[in-house]
Amino acid sequence: MRGVTNIRDDHWTAPVAGASLDAAVRVPGSKSITNRAYVLAALASAPTRVRHPLDSRDTRLMLAALASLGALSEETIDGFLVHPLGTIGGRGDETTVTLGNAGTVARFTPALATLGDASVQFDGDEAIRRRPIGPLLAALRKLGARIDDGGRGAPPFTVHGTGGLRGGRVDLDSSASSQFLSALLLAGPAFEQGVTVRLVGGAPPSEPHIAMTLDMLRRFGATVERSGTEFRVEPAKLSCPEYVVEPDLSTAAPFVAAAVVGGGTVRVHGWPKQTTQPGDWLRGLVAELGAKAELDDDGLVVTGGGAFPGIDLDLHEVGELTPVIAAMLCFAESPSSITGVAHLRGHETDRLTALATELSGLGAGVYELEDGLEITPAPMHGGVFRTYEDHRLVMAAAVLGLRVPGVLVENPETVGKTFPKFVETWSDAVS
């Protein structure tokens, strides 16, 4: 495949776009949906066949974590058959969950550990120890969990299973991550009293991910109610014999951007006509930038001309798209701004600082705001683009390379977190 041979010494030379793009791509399953489906399958009363899931480091970590907690899985021709949680030894036994740098694993599985009798130690990469989780651990304690974290509010920590969790009402500050709220709601059907969560503090980022959690709970048979900032999940026996995972629309973002930046047409196969994924917001952005995004029975077709205006964007609800959008806006015809994404400082890396540093380092005028970025287009040049072990920064660098020769992407393998074959797929699409 094109693109594989231009990796040298852990650096990948991002390919420059051809004269006019004409490409069709398939992106893997949604990480957000995959890991939620695995958690709900572990809580179900019978096995669930999860079809077309993402197969990546993060999702393998989730399956391994669930296996450590007693929910075994077996690979099938098009996914995994996930079995319900079993018993993890007797009271006082110990087991370990390896988190890597997977936020969904770190936040979604501690509540499940309360349901067994073992003491479960959670730890992972150095980066996960810097990612916020304290408010979630505090909420679990209020619901009856026994958790030792040495006062850090971060990994490593130990959850002492007591054979179940009382549940009930709890206040939660989910302003740093919507995953805190999703973690409690996903586990809520297994709590004795269910769970009622009242949000305090600032609004959680990424409302679409909250909607995704509620939708998936209902599809597994849970009763879910929402009234403003209060959420209620009733105790329930869950069941979903088969769950089909949608393509990951956030992972599709660089391919959508390619048509806008490079000019030409890119088709993303399998783009759903209705979805809760935040990446679907891209269709509206494409239109605002003067390009076309059209859905048909086979997916989304994006057509651009390579020239587009600057724009001011509040990305609070779709923050994970920020790296690719920031890279794209470096080629706009006028300045742009991105706001509402202060929470990105607590992701795989401080994404705002990383983007400002790396985009400016290649010539763009990118400056940090408290909650975003100001972007002033300027002539850009090749050089090393550091990725800080962040998969979305690899994708941002690829977008830069469409129009800037010599962009050397550091550690491209880190994109395996969500798209292990990204380099090959990208190179075939744009070269």
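No hydrogens, no waters, no symmetry mates; every other heavy atom, side chains included, goes into these values.
The residues K142 and D171 are annotated as not salt-bridged, no charged nitrogen and carboxylate oxygen being separated by less than 4.0 angstrom. A salt bridge links D125 to R57: at least one charged side-chain nitrogen sits closer than 4.0 Å to a carboxylate oxygen. Using a 4.0 Å cut-off between a side-chain N of Lys or Arg and a carboxylate O of Asp or Glu, R267 and D296 qualify as a salt bridge. The residues R386 and E358 are annotated as salt-bridged, a charged nitrogen and a carboxylate oxygen being separated by less than 4.0 angstrom. The pair K417-D390 fails the salt-bridge criterion, with no side-chain N (NZ, NE, NH1 or NH2) lying under 4.0 Å from an Asp/Glu carboxylate O.
Residues passing the side chain to side chain donor-acceptor pair (under 3.5 Å) test with D149 are R141, sequence neighbours excluded. Scored by the side chain to side chain donor-acceptor pair (under 3.5 Å) test, H269 finds D298 as partners (sequence neighbours excluded). E333 pairs by the salt bridge (charged side-chain N to carboxylate O under 4.0 Å, His left out) definition with nothing, not counting sequence neighbours. Under the salt bridge (charged side-chain N to carboxylate O under 4.0 Å, His left out) criterion, D371 pairs with no residue at all, not counting sequence neighbours. Taking the side chain to side chain donor-acceptor pair (under 3.5 Å) definition, one finds that D312 meets it with S337, sequence neighbours left out. The side chain to side chain donor-acceptor pair (under 3.5 Å) test applied to T34 returns no partner, not counting sequence neighbours. Taking H160 as the reference, S119, R146, D148, T158 meet the side chain to side chain contact (heavy atoms under 4.5 Å, CB included) condition, with sequence neighbours excluded. By the salt bridge (charged side-chain N to carboxylate O under 4.0 Å, His left out) test, E370 is found to be paired with no residue, residues two or more places apart in sequence or in another chain being considered. With sequence neighbours left out, E320 forms a salt bridge (charged side-chain N to carboxylate O under 4.0 Å, His left out) with no residue at all. For P110, the side chain to side chain contact (heavy atoms under 4.5 Å, CB included) test picks out F122, L140, F157, V159, with sequence neighbours left out. For H316, the ring pair (Phe, Tyr, Trp, His ring centres under 6.0 Å) test picks out H343, with sequence neighbours left out.
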Verify side-chain contact (heavy atoms from CB on, under 4.5 Å) between K421 and F419, making sure each step is shown before the conclusion. CA-CA 6 Å; K421 295 185 178 180; F419 195 167; 4.2 Å; yes
For H83 and E74: C-alpha separation, side-chain torsions, deciding distance, then whether side chain to side chain donor-acceptor pair (under 3.5 Å) applies. CA-CA 8 Å; H83 296 269; E74 51 190 288; 2.8 Å; yes
Determine, step by step, whether D58 and S56 satisfy the side chain to side chain donor-acceptor pair (under 3.5 Å) criterion, reporting the C-alpha distance in whole Å, the side-chain angles of both residues, the deciding distance to 0.1 Å, and the verdict. CA-CA 6 Å; D58 274 21; S56 72; 5.6 Å; no
Could you please spell out the steps behind the side-chain contact (heavy atoms from CB on, under 4.5 Å) verdict for C330 and I375? CA-CA 7 Å; C330 288; I375 302 170; 4.2 Å; yes
Yes or no on side chain to side chain donor-acceptor pair (under 3.5 Å) for R36 and T213, after CA distance, side-chain angles and deciding distance? CA-CA 7 Å; R36 282 167 171 79; T213 295; 2.9 Å; yes
Q277 vs E246, side chain to side chain donor-acceptor pair (under 3.5 Å): CA-CA, chis, key distance, verdict: CA-CA 9 Å; Q277 289 191 65; E246 298 172 356; 2.8 Å; yes
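Side-chain atoms of H209 and S32 include a donor-acceptor pair closer than 3.5 Å.
Of all heavy-atom pairs spanning L373 and L352, the tightest one is CD2-O, 3.6 Å. Across P323 and R351, no two heavy atoms sit closer than the pair CG-CD, 4.1 Å. Residues R129 and A154 approach most closely at O-CB, 3.5 Å, considering heavy atoms.
Side-chain atoms of S206 never come within 3.5 Å of backbone atoms of S178 as a donor-acceptor pair (strictly under, hydrogens ignored). Not one N or O on the side chain of T276 forms a donor-acceptor pair closer than 3.5 Å with the backbone of A211. Remark: side-chain polar atoms of S68 are paired, donor with acceptor, to backbone N or O of A64 under 3.5 angstrom.
Residue P254 forms a side-chain contact (heavy atoms from CB on, under 4.5 Å) with just one option from V324, V27, L321, and that option is V324.
Here ring pair (Phe, Tyr, Trp, His ring centres under 6.0 Å) pairs that include residues 386-408, with residues two or more places apart or in two chains, number zero.
When side chains are defined from C-beta on, V268 does not count as touching V302, because their heavy atoms never get closer than 4.5 Å.
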